[in-house]
Amino acid sequence: MEQLLQQIEQYRQEIAAIVPDGAEALEAYRIRFLGTKGIVKNLFTEMKNVPADRKKEFGQVLNDFKLLAESRYEGWKSQLTTGDAETASTIDLSLPGDPLPLGTHHPITLVRDRIVHIFGRLGFSVAEGPEIEDDWHNFTALNLPENHPARDMQDTFYIHQHPDWLLRTHTSSVQARVMESQRPPIRIICPGRVYRNETISARAHCFFHQTEGLYIDENVSFADLKQTLYFFVQEMFGKDVKVRFRPSYFPFTEPSAEMDINCRICGGSGCSVCKHTGWVEILGSGMVHPKMLDNFGIDSNKYTGFAFGMGIERICQLKYRINDLRLYSQNDVRFLRQFTGAV
Ligand code: DAH
């Protein structure tokens, strides 16, 4: 099928490059493209070898090509009969234009942009950091010193020449960088790609995308955290979304919580995505650990803050009901073409 499409494209180019000549050349053209044993006929006989699910697409391409070949012939012929050999070699304006295939945004991009937009309305601006990080920003500064058991869950890829460098395992490294260089009030969101040393399957990949959020100011409370995140999921999934917070542990927040929403795939009746619980975890969050603030010279007696981190693939999965993580990175246009509009 791909070969046939390529072949048709070549023929199109050949036709486009033709400089119309006398009656003999026109007849040769007719026999080659439109004759009973010509190219167009032959291509139609290939139809039977095209897989059933692509017949429609191929049929369309083929019909367009047939029209092109025919109209080229007609245009050429009428130029010859009006005897205008001069104009015969100029551009034929009666030809249909070549279609320009329009691309689409990747679903991850759509959802990322939507997240940035929602938090943008709450005053969060975008911060970025490097994907190749050092140990300090990815782990140690976040209260995850060497040999801390929480590092186990985030195995990654290390850079041989620089044992201290690694591919960041989360976007939390960006909050470390922001706290290093900015003073409160801080209100940022950090979308980006992260890496983990995991076996690739429908549920895990060696890279994925996260968005981090960080808000530090005077009097920031857990109530602010809850309301901000609740607002976010309502904007993303609709007003009917239900949330629940579960106590959790992250070394860089205290207290910490994970937030679940009611499963958007099965509506709560139980499926493999929510592991038959009706709830799906979408993010980790908590109040920034005072030690983190002190690590970066921010007065923890004066300032408090909250932080959160979410996987964009997961949000996208629930938004678009995507059941296999691998689809995101296989570049299959049949998958990608489904996401045409903004979320
Ligand atoms: N970095 C965590 C992870 O990748 C997610 C996370 C949890 C980010 C809590 C946070 C947070 O900022 O407060 O699993």
Side-chain angles (χ1 to χ4, degrees), residues 112 115 119 122 124 126-131 133 135-145 148-157 166-180 182 186-198 203-217 220-230 232-233 243 245-261 280-293 295-296 298 300 303-315 325:
R112 182 203 61 198
I115 295 172
F119 282 103
L122 296 176
F124 285 77
V126 171
E128 283 178 316
E131 287 179 22
E133 250 315 349
D135 184 283
W136 166 256
H137 291 98
N138 195 81
F139 291 126
T140 312
L142 298 167
N143 256 346
L144 275 146
H148 192 292
R151 280 196 183 200
D152 267 7
M153 297 200 300
Q154 301 197 3
D155 186 19
T156 183
F157 304 95
L166 46 91
L167 297 188
R168 68 177 178 194
T169 57
H170 49 187
T171 41
S172 304
S173 55
V174 188
Q175 50 158 300
R177 286 185 174 272
V178 168
M179 281 195 241
E180 201 169 59
Q182 292 180 29
I186 292 172
R187 213 182 309 174
I188 48 119
I189 187 113
C190 334
R193 184 175 279 193
V194 301
Y195 302 82
R196 305 246 173 124
N197 185 8
E198 306 230 7
R203 302 181 78 99
H205 210 300
C206 57
F207 70 84
F208 58 101
H209 299 79
Q210 282 190 340
T211 299
E212 194 77 8
L214 176 68
Y215 179 27
I216 304 174
D217 203 346
V220 176
S221 71
F222 201 87
D224 296 320
L225 178 158
K226 281 178 82 172
Q227 192 53 37
T228 304
L229 295 177
Y230 186 45
F232 163 68
V233 288
V243 299
F245 284 83
R246 281 177 294 102
S248 183
Y249 172 77
F250 300 101
F252 35 94
T253 45
E254 179 59 37
S256 306
E258 278 168 330
M259 188 170 101
D260 299 344
I261 61 170
V280 186
E281 180 209 319
I282 62 159
L283 55 82
S285 64
M287 299 305 292
V288 179
H289 199 298
K291 198 166 159 218
M292 282 273 290
L293 297 172
N295 270 350
F296 294 103
I298 296 174
S300 58
Y303 295 106
T304 48
F306 67 73
F308 56 89
M310 69 182 96
I312 301 183
E313 275 81 352
R314 172 61 61 83
I315 306 286
L325 260 183

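Ligands are counted one by one from 1 in listed order, and the atoms in each one are counted from 1 as well. Fair warning: this is a prediction, and the values are worked out from it, not measured in the lab.
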**Q** Determine whether the side chain, the backbone, both or neither of Ser285 has a heavy atom under 4.0 Å from any heavy atom of ligand 1.
**A**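 For Ser285, only backbone atoms sit under 4.0 Å from ligand 1.
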
**Q** Which atoms of ligand 1 sit under 4.0 Å from any heavy atom of Phe308?
**A**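 In order of number, 8 (C), 10 (C), 11 (C), 12 (O), 13 (O).
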
**Q** Checking Thr140 against Arg151: is there a side-chain donor and acceptor pair closer than 3.5 Å?
**A**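 Yes, side-chain donor-acceptor contact under 3.5 Å.
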
**Q** Does the side chain to side chain contact (heavy atoms under 4.5 Å, CB included) test come out yes or no for Thr171 and Thr211, once each step is laid out?
**A** CA-CA 7 Å; Thr171 41; Thr211 299; 5.8 Å; no

**Q** Closer than 4.0 Å to some heavy atom of Gly286 - which atoms of ligand 1 meet that?
**A**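 Numbered from 1, ligand 1 contributes 13 (O).
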
**Q** Are a donor atom and an acceptor atom from the side chains of His205 and Glu313 found within less than 3.5 Å of each other?
**A**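 No - no donor-acceptor pair under 3.5 Å links their side chains.
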
**Q** Which ligand 1 atoms does Thr253 reach within 4.0 Å, using its non-hydrogen atoms?
**A**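 By the 4.0 Å cutoff, the relevant atoms are 13 (O).
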
**Q** At under 4.0 Å between heavy atoms, is it the side chain or the backbone of His289 that contacts ligand 1, or both, or neither?
**A**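 Within the 4.0 Å criterion, His289 makes no contact with ligand 1.
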
**Q** Tell me, which protein residue and heavy-atom name are nearest atom 3 (C) of ligand 1, and how many Å apart are they?
**A**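 Of every protein heavy atom, Gln154 NE2, 3.7 Å lies nearest to atom 3 (C) of ligand 1.
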
**Q** Can you tell me how far the OH atom of Tyr195 sits from the OG1 atom of Thr169, to the nearest 0.5 Å?
**A**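 Between Tyr195 OH and Thr169 OG1, I get 12.0 Å after rounding to 0.5 Å.
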
**Q** Under the criterion ring-ring contact (aromatic ring centres under 6.0 Å, His included), which of Phe119, Phe245, Phe232, Tyr230 is the partner of Phe308?
**A**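 Among the candidates, only Phe119 passes.
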
**Q** Quick check: closest heavy atoms across Met287 and Ser221, and the distance to 0.1 Å?
**A**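 It is CE-C, 3.7 Å.
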
**Q** Among protein heavy atoms, which lies nearest atom 11 (C) of ligand 1, and at what distance?
**A**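 The closest one turns out to be Phe252 CE1, 3.4 Å.
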
**Q** Which atoms from ligand 1 have a heavy atom of Gln210 less than 4.0 Å away?
**A**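 Matching atoms, with element in brackets: 3 (C), 4 (O).
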
**Q** Considering Ala307, Gly284, Gly305, Cys190, which one's heavy-atom position lies nearest to atom 9 (C) of ligand 1?
**A**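 Ranked by closest heavy atom to atom 9 (C) of ligand 1, first place is Gly284.
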
**Q** If the cut-off is 4.0 Å to any non-hydrogen atom of Phe250, which atoms of ligand 1 fall inside it?
**A**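 This gives 7 (C), 9 (C) as the contact atoms.
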
**Q** Output yes when Arg314 and Glu281 qualify as a salt bridge under the 4.0 Å nitrogen-oxygen rule, no when they do not.
**A**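 Here Arg314 does not pair with Glu281 in a salt bridge, since their nearest N and O are not under 4.0 Å apart.
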
**Q** With a 4.5 Å heavy-atom cut-off, do Tyr215 and Leu122 have their side chains touching?
**A**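 A side-chain contact under 4.5 Å is absent here.
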
**Q** In this structure, does ligand 1 have an atom that sits under 4.0 Å from one of the heavy atoms of Met292?
**A**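 Contact check Met292 vs ligand 1: negative.
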
**Q** Before giving the answer on side chain to side chain contact (heavy atoms under 4.5 Å, CB included), spell out for Phe306 and Lys226 the whole-Å C-alpha distance, their side-chain angles and the decisive distance to 0.1 Å.
**A** CA-CA 10 Å; Phe306 67 73; Lys226 281 178 82 172; over 6 Å; no

**Q** Report, in ascending order of atom number, the atoms of ligand 1 lying under 4.0 Å from any heavy atom of Gln175.
**A**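 Heavy-atom distances to Gln175 below 4.0 Å select 12 (O).
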
**Q** For atom 12 (O) of ligand 1, find the nearest protein heavy atom and state the residue, atom name and distance (0.1 Å precision).
**A**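 For atom 12 (O) of ligand 1, the nearest protein heavy atom is Glu212 OE2, 2.5 Å.
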
**Q** Show which atoms of ligand 1 fall inside a sub-4.0 Å distance from at least one heavy-atom site of Ser172.
**A**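 In order of number, 1 (N), 8 (C).
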
